[in-house]
Structure formats: C-alpha cells, structure tokens
Amino acid sequence: MSTLPDVDALRQSFPALAQTVYGKPLIYLDNGATTQKPLSVINRLKQYYKAENANIHRGVHYLSQLSTDAFEKARASVAAHINARQKHEIIFTRGTTEAINLIAHSFAQHLNKNAPKVLITAMEHHSNLVPWQQWVLQNGGRLMVAGLKPDGSLNMEHFEALLEEQPDIVAITHVSNVLGTVNPVKAITSIAHARGIPVLVDGAQAIAHMPVDIQDIDCDFYVFSGHKAYGPMGVGVLYGKEVWLDRLPPYQFGGEMVDRVSFDTTTFNELPFKFEAGTPNVGAVLALETALSFIRKTGYEAIAAHEHNLTSYGHQLLSRVEDIEFYGTAPGKEAVISFNIKGIHPYDLGTLLDKMGIAVRTGHHCAQPLMDHLGIPGTVRASMAVYNTLNEMERLAEAVNKAAMMLR
Amino acid sequence: MSTLPDVDALRQSFPALAQTVYGKPLIYLDNGATTQKPLSVINRLKQYYKAENANIHRGVHYLSQLSTDAFEKARASVAAHINARQKHEIIFTRGTTEAINLIAHSFAQHLNKNAPKVLITAMEHHSNLVPWQQWVLQNGGRLMVAGLKPDGSLNMEHFEALLEEQPDIVAITHVSNVLGTVNPVKAITSIAHARGIPVLVDGAQAIAHMPVDIQDIDCDFYVFSGHKAYGPMGVGVLYGKEVWLDRLPPYQFGGEMVDRVSFDTTTFNELPFKFEAGTPNVGAVLALETALSFIRKTGYEAIAAHEHNLTSYGHQLLSRVEDIEFYGTAPGKEAVISFNIKGIHPYDLGTLLDKMGIAVRTGHHCAQPLMDHLGIPGTVRASMAVYNTLNEMERLAEAVNKAAMMLR
Amino acid sequence: MSAEQAQQQIIEEFSAYEDWLDKYNLLIEMGKDIPVIDPRHKTNNHLINGCQSRVWLHAELRDDGKVYFSADSDAVITRGMVSLLIRVLSGRTPDEILNTNLHFIDAIGLTEHLSPTRSNGLVSMIKQMKLYAQVFQLKTKN
Amino acid sequence: MSAEQAQQQIIEEFSAYEDWLDKYNLLIEMGKDIPVIDPRHKTNNHLINGCQSRVWLHAELRDDGKVYFSADSDAVITRGMVSLLIRVLSGRTPDEILNTNLHFIDAIGLTEHLSPTRSNGLVSMIKQMKLYAQVFQLKTKN
Ligand SMILES: Cc1ncc(COP(=O)(O)O)c(C=O)c1O
Ligand SMILES: Cc1ncc(COP(=O)(O)O)c(C=O)c1O
C-alpha cells in the first residue's frame, strides 16, 4: 500500500472541496462530468492573465513570444504525457466533443464516399456517436453498434463479427462514462489495423485515471478534455498520427491555420497549426499542462490504487442497500458506480443526496442509447477522483440508505 | 471632456500593465490581437474554479445548478449588452473564428446550392474570408470582393454593384483590424435586406470600442471574441436572429445539443443548445460577462472619447516621422494606427520597439489579401485600448523615431 | 378556501420543519395525495418534459366554471411539487389561476425548483397550468 | 581563424555594449557586411520562410573542400543575425560546420532569436546550413 497518495494533504490544494452545501460538507462525486481543480491549475490561469497574456504566433514582441514559447512547450509536454512520437501530432481543441467532430468531419471529406460504415459500441457517449451517425445518415451509410455483455463489458465476438463487414473507421471509448468499463483498445486497434481500419479512441474518461501510451495502443486518433482531468474547461486534446493528420483536410478556417491567402485560393499551414483555427485558448492550454503535471506528480499508480479502493469499497457498502441494481461490473472497471434502486426514480434519489451534501449525477449521462439498451430511464452515478475518501464512500452509502427509506 | 475615463485609476486594475520588459515599463499596444484583463475578470475565473465549478445542464446537484443558473444568466446579460431580442439568440462559441465557421458551414448546408456567391470586402480578416472562400471553391461558386477607397474605407459603389449580382450572403467586418475603418453595417444590412440577402457582421474589433445595438443594425448574424474585449480566451459570441438559427442545421454534435438519441436517429435540442455541442467553457463565459460589465461600467462613450484622443494624438505625433506612411485614415476610424516607414521592414521596426518596451504587432495581421491590395508585405500596427495613455503615444512616437534612425 | 389561503396553509405545514430532509419527507407524502390523472390521459400529449423526470398534466373546465387539474410524475419529489401546485390552483376560476402569485414556493424554501434551468420541468409546468387557464378564460368569455 | 575563434571574436565585440539598442545597432551594422547572395540565386528555391522576414541562403562547396555561404534578407536585423552565422560557419569544411555548437548566440544575449517559435526563421536557417554541410559531406566522401 506504499503507493497510495496522501489524500488528506492533496485535498488541501482543492479549494472547491472545502465547501459546504446546505450546511453540509460537500462530497463531490460528479467527477465523470468534470473534476475540481487544484490550486496549481487555478494559479496557472491567474498567472497567465496577470503577467503573460498575449496572442501567440507571428508576434515579435516579448509577451507574444513568451506566450508562444509556453504554448508550444505545453504541446510538447502533452505529447510526452501520452508518449506521442511528435509534438505536432497534438492538436488543441475546445474539448473531446470538438475533437471528435473535427475528425468525423475531416475524415468524411477525405473519404468522400457513399454509404460509409462506422463501427462504435453500445456504450458510447453521444459525443462519440452523433457525429458519426449524422455522417452515415447523410450518405446512406450505416452505424454499426457492437453490443455489451451483462457485466457491461464489450461483446468482443459481436465486435469482431461487425469488423468483418469492413467499416471505414472504428470509434470507441477507452472508458465508459456510465459503466466504468475499460475497453481493450490496444487489442481492438490491432485487429482493426489487421484489416486496414483506422481507430479513434475517446479518452475523456481515461486520462485522469490511467496512463495512456499512444504508441503502445497504436490507435490513429485519441481525444480527451482538460476539464475532466483536473484542468480548466475550454481545452481538449486531439492526438492524431502524423500520416493521418497530413492526409486529412482542415476543419475550420482562419487565423494561424493558413499559410498563404489570396482572394482566389488559400494554402494551409503545416501541422499542428493546420487544425488550429482562430486564437487558441492559450491560458487554458498552459493550465492543462499544469493539470497533467499534477497527475504525474501524484502518480497514475497511486491514483489507480486509491480509486480502485474507493470503487470496490463503495460497491461493497452500497450492495447492502435493499433492491439496489448496479450497471457495469466488468473486471478492472474504472472509478464509476452507476446504480438504481428498484422502484425509485434516479432523480428523486439524486435530489435527496444533494440535500445531504452529496453531488452525484442522475439521468442518462449523455448515453441515451445505452439507457435504452439497459431498459432504464437513467441511473444514479457516483464517479470518483483521486481526492475522494473512503469516508466519503461510507457517507454516500448511508445517504443512499436514508434516501431510499424516505422514497419507498 | 467630462466623459473621459480615469485612466490612471483604471490601469491599477490591470496587473499585466504594471510589468517591465527588458527593464523598461511595458507599453502594450497590441490590443487588436488581444486585450489585457482587469482583475475583476481574472478573479471571476478564479472564483469560479474555487467555489462554483461543475458541469452544467441536466445536473441536479447544488454546484451544477449554481453553474447552470450563472451560465444562463450570463447569456441573458450578453443578450442585453448587444440588445438582442431574446437570450436564446446568443450562442457561446470558442471565438469569432469558430462562430464564422459555424455559420458558414450551417448556412452552406441549409442553402445546399451549386455555385454559391458570397460578398465580402477587401479588408476582411482571414477568419471572415477563408471559411466562405472554401465553401464557394468547393461548389463552383464565387467570392465577390468589394474594394476600398484610398483612405481605407469601403468603396460603397463597388459594394452596391456587387450586391446587384445577388450574392447568397454578405459577410463584412464591423471594424477593420488593420485599417481601423468602421463600416456602415446598418446601411449595408438595410440595402442587402432590400434584396433579401442575409448579412453576417464580424464584430471582433468593434465590441471593445463601440456600443453594438443588434436591433438597430438589424444584421442576421453578429460575432465577436471575448479575449479582444477584456475577457478571457476560449469564449466567443455568435448572435443569430431566431428565424435563422431555427432554420440552420446544427454544426457540431454531442453533449447538450441533442434532445433524443437512438442508434438510428437523433433529434436536436431547442435554441440555443442546438448549437452548443460538448461541455461549454462555463468559467470563461462568466468571466466574459464580467468583462462586458467592466466595459459598461467604464462606459462606451468614455472609452470612445479617450481612444479617439489616443488615436488622433498618435497620428499627429507619428506623422512627424520622416517617410512614414499610414494605412487607413477613414473618418471616424477606430483605435488602430497601421504604418510603415519607407525602406524599413516592419519586422525590424517591431523588433526594436519591443526592445524599448513597446508591444506592437507587425506583419500581415491575418489579412494577406489586404496587404496584397496595398502592395506591402505588412505593416506595423499600434492598436489601443481604454487603458493606454497619451504619454504612451508620445513614447511610441519617440521610439519609432529612434528605431527609424537606427534602421536607416 | 381561496388560493391565497391554500398557500398560507402549505407554508404553515412546512414551517413545522427546519431540516431539509424533513421538508422533503413532507413533500413526498403530499405527492401521494395528488389527484391522479386518468390513465388514458397519460399520453405524450399531456407530457411536460423536464430533462430528468416526466410530468403528465390534465386540466378540465367543469360546469361550475372552475378548472380542475390532475397529474402524475414518475419521480415522487416532482409529484410532491405538482401536488402543491394543484392544491393551490385546482378548483379555481381561470381568473383566479391567472392572478395567483405562487409565493409559497419561495416561502417554503423550494425556490431552487423554480430555476428556469432546473431539470424537473416545474417552470414549464406552471406555464402550462396558466396556459390552460388562459384558454379556458377565452372559452368562458365567448 | 577557427569557428570557435570566430564565435569568441563576436562575443567580444558584443561585450562592449550593455544596452539592448547598442547591441542591435552593432547587429544591424554587421548585416551590411554580409556576403551577398548572387541575385540569380535569390529565388524561391533559396528562400527560407520565417513568418515575417524572408531569408535567401546559398551554399557552395569550393575546390578547397570548404563550404561558402552567401545570403540576404529583407529585414536588416535578420540580415545581421545571418551575417553572424556566416562569419562563424562560412569557409569551413562540412565536418567543422556540423560539429560547431553555436554557443555565441546565447552568449551575446540573442537567445530569443533561437526560439523555435520565433517568426524570423533563424532556427530553420541554422538547420538549412547544417543540411547543406551534410549533403556536401556525403558528396566529398563518395
Ligand atoms: C466518454 C465521454 N466522451 C465524450 C465526452 C464529452 O466531453 P466534452 O463535453 O468535454 O466535450 C464525455 C464527457 O461527458 C465523456 O464522458
Ligand atoms: C476582424 C477580426 N475578425 C476575426 C478575428 C479572429 O478572432 P479569433 O482569433 O478570436 O477567433 C480577428 C482577430 O484577430 C479580427 O481582428
């Protein structure tokens, strides 16, 4: 247990966790939606706007140069964090959703094909579903959906059977935001590549919890959001293999992404700028770098060990609640507990938990098709981060018990 | 002169202005690229991440509700700032560039037409040029470019002649980022509407300097960036008339913008959510609200009076520099002075000014076609904000003189 | 009892409780007394969509010139909120309904449910009730 | 004079000045002594694109086995920087060029020009000079 993080110490640097709501100490278990931010991240933003702020690239003055250097250093640092080969394989976006839309759009243009086929899974977030769905719908194509096993893990047989129908691209989440399932994205990439099919991995729910080695996974695209990994909102990362990014046409136009513009025609800048139109969110990119360095300093191993404890302890305590049903119990699942209590609407449960100071998310978690698949309107979801405590899991279980008693 | 702002007092709240660079006090005259931020804006960001941060919409817990309410209040506040009829006519984007790309994309889809025509002007920023150009290029259409008069104002005869060729849309900047020219967007909208042609106005360089009354202008779309108006990076505003926003298809998919998703099909949410895919940049939106309220508190009238003084004083002083050439001298021009000194490369001048502590921008300012039109590789651009002083204009002129002597 | 008296009564009943959970307990209990909507009206036509819980609302104008509401929700807290609204507004004339200022929600500390961004759909529900009243008012006046 | 000696000489020349503007004055002066590129080589082929100023660079391997550079730029500060590089690297063998660590730039306080994000293209210029040396090295060895 020597690798466990010092959670008490760590909590000190998260001001948001010290709040009370309705007079009760806040227990924040909505980390799947967004995490709270350490002071180092908040201060990085503040510092940027107090002493470094300038628009970047092409500027010759001191602040512009300072900001540009910091921005490009952050790019290199993000590349190193996920072990990307080259820093220009890192594109900064607004978030996961924008990154997936970018790839879906540019890939569609590149392929320029009738009846395209995209293979996803039944556990995708809307952001990794609707962009592909709209493309195939508009072109007479087909969205192929690999099913799940009862424990919420991917039905690999079904997946492989669909793969044989030769989809144009595979888009799959690394970790399910509802079920916590960790998909075998390395194996999936390998079998997809054997058929020449590129793979996009949605890492929104992975990057805060487990080390991501892009060269090991070997996927073609990997995307995540800063705000779900202790970073600020308004920044996300799109990793793309150089060969792909070179090949795909740009998505948005204007600003730094052009090389030479005349009224008749435009040539585009090289990577990574080709995909970064308009003034980037410089401050947020620098704060994202700080957030990732917070993660490295804490250590993925320590984070995973602690979160695993939280999750299994939480499961254990909650399973004593009468009539509770869990969604997602695959081995090795991430720090998410989704559940319902028979006969109780998740909204009611969530509302009462809130009054007891516990922030969970209720509803469909932007995964309506998964809810349909499970035959439920929604779930209550407790999603943990490194700063949550075993004691908080106890208070969650007590509160769920109490609420359930009130609601029955 | 009673309306002039108390600039000394005001500067106290901009920490970035108190810096020295290379041992010299910073004179920041790159406000056209991005403005510095008042403490109120920086603190709003900090406060958000310290005590309010949560993902918004659909969340039932306290912080999520708090953030959601604040976010929607900010939307109403932005709507009021530009006198929009309805708050759902305000869409939050990443910035001006994204807003224009959104409209260009959705408008193109909506029109779904061969050989489309877009009317722009010769002074457009790449962000209000390339998105339209790429659309017309890909569909055998035509980009129509209204020319300029020698003083940098729009050639209205040419514009009206082109309008008679019935373009599908007019996209025009409110204020030129190079020339400072203020375009008569109200009159332009009126004559375009007389022909049934919708108008998009790029307000990136206007919103920090002059009151914008959307109902008075009556344009169909108006866009601007937060970071050029004392707000943070990573947030922009797209105003669209309800009838247009209702009519246009969504741009990006995922997150809050959907209503009901199944694997087969998706229905989209109502305005404004339909156009806001993924987790929005909540903190930045709230800080943008604070920035706009800083502007209102300072008062557009006071801002304009002071900036007008800065600009005309700067012009007056600089015009004594030997061989100086100004670009953009239209009556009523905004707080921008673009110039070159014959035989001196703007990069050289900018570099030396930088060493004297003066931050200006040099180059093509993302308006290459305008540079081609003017027959120059670039300009030196001093762009002012409300916190600049007459003394800074004097030091600018001295520095330009000194640098010119060194470079000749 | 007037609408105002009904509001006062509700405020009094809630004033007995300090703790949030006690208030919610009461709310949940009250939800059980809701005039339940006839199952054949539990259709999409009568559905008011909040993001998370669903509410079905039916209104009829009876011969006494008053509007009678019945409703249901799949969430019991929402049902409790709705039952309070019905207590205040049901069995009143369209005029009375339109002129009632629902101050009790604030007074009993449930203002948060009135946030337009709240995902329980309460705001749309009140709107819908007033809309019914408006329609019936036009009807009676013709 | 070796490349190292040339660097030392430059460092010494700059050490006479404390003020930034004086250093730049010197740099500008030095730009005037650049071995000017033959106009017929001032083509896009020889262009190294920084974002803001343009540099043309030509290299030839003479019979003495040494590489001779000539260059020009439309910006005089860039020309100054380039002239320093030429002073250090021109008239040397490919091996020497490849093995020279250009520490003088840092020593005279112009490190900022070496930032890969700097828009003057100096970094690409150094890369280009070393690339020429590499090509010539291969040539001489064959
Ligand atoms: C698996 C997954 N993908 C994508 C997203 C969308 O991320 P964002 O809203 O930051 O774009 C989320 C966040 O809810 C998610 O959990
Ligand atoms: C007139 C004009 N339009 C558009 C833009 C692009 O704004 P942003 O980079 O914030 O998207 C700018 C900023 O440079 C501008 O000056």
Side-chain angles (χ1 to χ4, degrees), chain A residues 15-16 19 21 30 33-34 36-37 42 45-46 49-51 53-55 58-63 94-95 97-98 101 126-127 130-131 133-134 143 145 225 227 232-234 252-255 258 261-263 266 277-279 281-284 347 350-351 354 359 361-363 366 368-369 372, chain B residues 15-16 19 21 30 33-34 36-37 42 45-46 49-51 53-55 58-63 94-95 97-98 101 126-127 130-131 133-134 143 145 225 227 232-234 252-255 258 261-263 266 277-279 281-284 347 350-351 354 359 361-363 366 368-369 372:
Chain A
Q19 295 176 76
V21 302
D30 194 18
T34 200
Q36 299 301 337
K37 322 301 175 201
I42 299 171
L45 272 181
K46 192 175 82 176
Y49 285 120
K50 276 192 160 177
N53 171 60
N55 210 323
R58 304 187 191 261
V60 303
H61 64 78
Y62 178 82
L63 287 182
R94 201 182 60 223
T97 303
E98 182 179 61
N101 275 275
H126 293 163
S127 293
V130 187
Q133 179 194 54
Q134 294 299 307
L143 191 66
V145 185
S225 298
H227 71 96
M233 289 165 165
Q252 295 180 337
F253 306 101
V258 306
V261 181
S262 73
F263 290 125
T266 294
T279 301
N281 196 346
V282 185
Y347 173 77
T351 303
D354 175 45
R361 188 138 296 229
T362 62
C366 288
Q368 289 178 3
D372 294 345
Chain B
Q19 295 175 79
V21 302
D30 194 17
T34 200
Q36 298 303 335
K37 322 302 172 201
I42 300 172
L45 271 181
K46 192 174 81 177
Y49 285 120
K50 276 191 160 178
N53 171 60
N55 211 322
R58 304 189 191 260
V60 302
H61 64 78
Y62 178 83
L63 287 182
R94 202 183 58 225
T97 303
E98 182 180 61
N101 275 274
H126 292 164
S127 293
V130 187
Q133 179 193 55
Q134 294 300 307
L143 192 66
V145 185
S225 299
H227 72 97
M233 291 166 164
Q252 295 180 336
F253 307 101
V258 305
V261 181
S262 72
F263 290 126
T266 294
T279 300
N281 196 347
V282 184
Y347 173 78
T351 303
D354 176 45
R361 187 139 297 228
T362 63
C366 288
Q368 289 179 4
D372 295 346

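Residue numbers start from 1 in every chain, and the chains themselves are labelled A, B, ... in the order their sequence lines are given, proteins ahead of strands. Keep in mind that what you see is a predicted model, and the values were worked out from it rather than measured.
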Between B/Gly283, B/Pro232, B/Gly95, which shows the greatest number of heavy-atom pairs under 4.5 Å with chain A?
B/Pro232
Test side-chain hydrogen bond (donor to acceptor under 3.5 Å, both in side chains), reference B/His61, set A/Asp30, A/Thr362, A/Asp354, output is A/Asp30
Audit row: B/Asn53, A/Thr34, side-chain contact (heavy atoms from CB on, under 4.5 Å) steps and yes/no
CA-CA 8 Å; B/Asn53 171 60; A/Thr34 200; 3.9 Å; yes
Chain A: which of B/Cys366, B/Gly350, B/Ala277 shares the most heavy-atom pairs with it under 4.5 Å?
B/Ala277
Going through the checks in order, is the side-chain contact (heavy atoms from CB on, under 4.5 Å) test met by B/Val130 and A/Val258?
CA-CA 9 Å; B/Val130 187; A/Val258 306; 4.1 Å; yes
So for A/Asn101, is it side chain, backbone, both, or neither that comes closer than 4.5 Å to the heavy atoms of chain B?
side chain
Please test A/Gln252 against B/Gln134 for side-chain contact (heavy atoms from CB on, under 4.5 Å), starting from the C-alpha separation and ending with a verdict.
CA-CA 10 Å; A/Gln252 295 180 337; B/Gln134 294 300 307; over 6 Å; no
Please find the pair of heavy atoms, one from A/Gly255 and one from B/Ser127, that lie closest to each other, and give the distance.
N-OG, 3.6 Å
Verdict with supporting geometry, A/His227 and B/Asn281, side-chain contact (heavy atoms from CB on, under 4.5 Å)
CA-CA 9 Å; A/His227 71 96; B/Asn281 196 347; over 6 Å; no
Is chain B contacted by the side chain of A/Val282, its backbone, both, or neither, given a heavy-atom distance below 4.5 Å?
both
Measure the spacing between OG1 of A/Thr97 and CZ of B/Phe253 and express it to the nearest 0.5 Å.
12.5 Å
Please determine, by modelled atom types, if A/Thr266 and B/Gln133 share a side-chain donor-acceptor pair under 3.5 angstrom.
yes
When every non-hydrogen atom of A/Leu143 is compared with those of B/Phe263, the smallest separation belongs to CD2-O, 3.7 Å
Within-4.5 Å side-chain heavy-atom neighbours: B/Tyr49 and A/Met233:
yes
Just so I know, are the side chains of A/Asn55 and B/Arg361 near enough to count as touching, which here means a heavy-atom distance under 4.5 Å?
yes
Ranking A/Leu45, A/Leu63, A/Val21, A/Val145 by heavy-atom pairs under 4.5 Å to chain B gives rank one to A/Val145
Distance, nearest 0.5 Å, that separates CZ of B/Arg94 from CD of A/Glu98:
4.5 Å
B/Pro369 side chain reached by A/Val261 side chain, heavy atoms, under 4.5 Å:
yes
Side chain, backbone, both or neither: which part of A/Ala359 has a non-hydrogen atom closer than 4.5 Å to chain B?
both
Relative to chain B, which of A/Pro131, A/Ala284, A/Gly278 shows the most heavy atom pairs under 4.5 Å?
A/Pro131
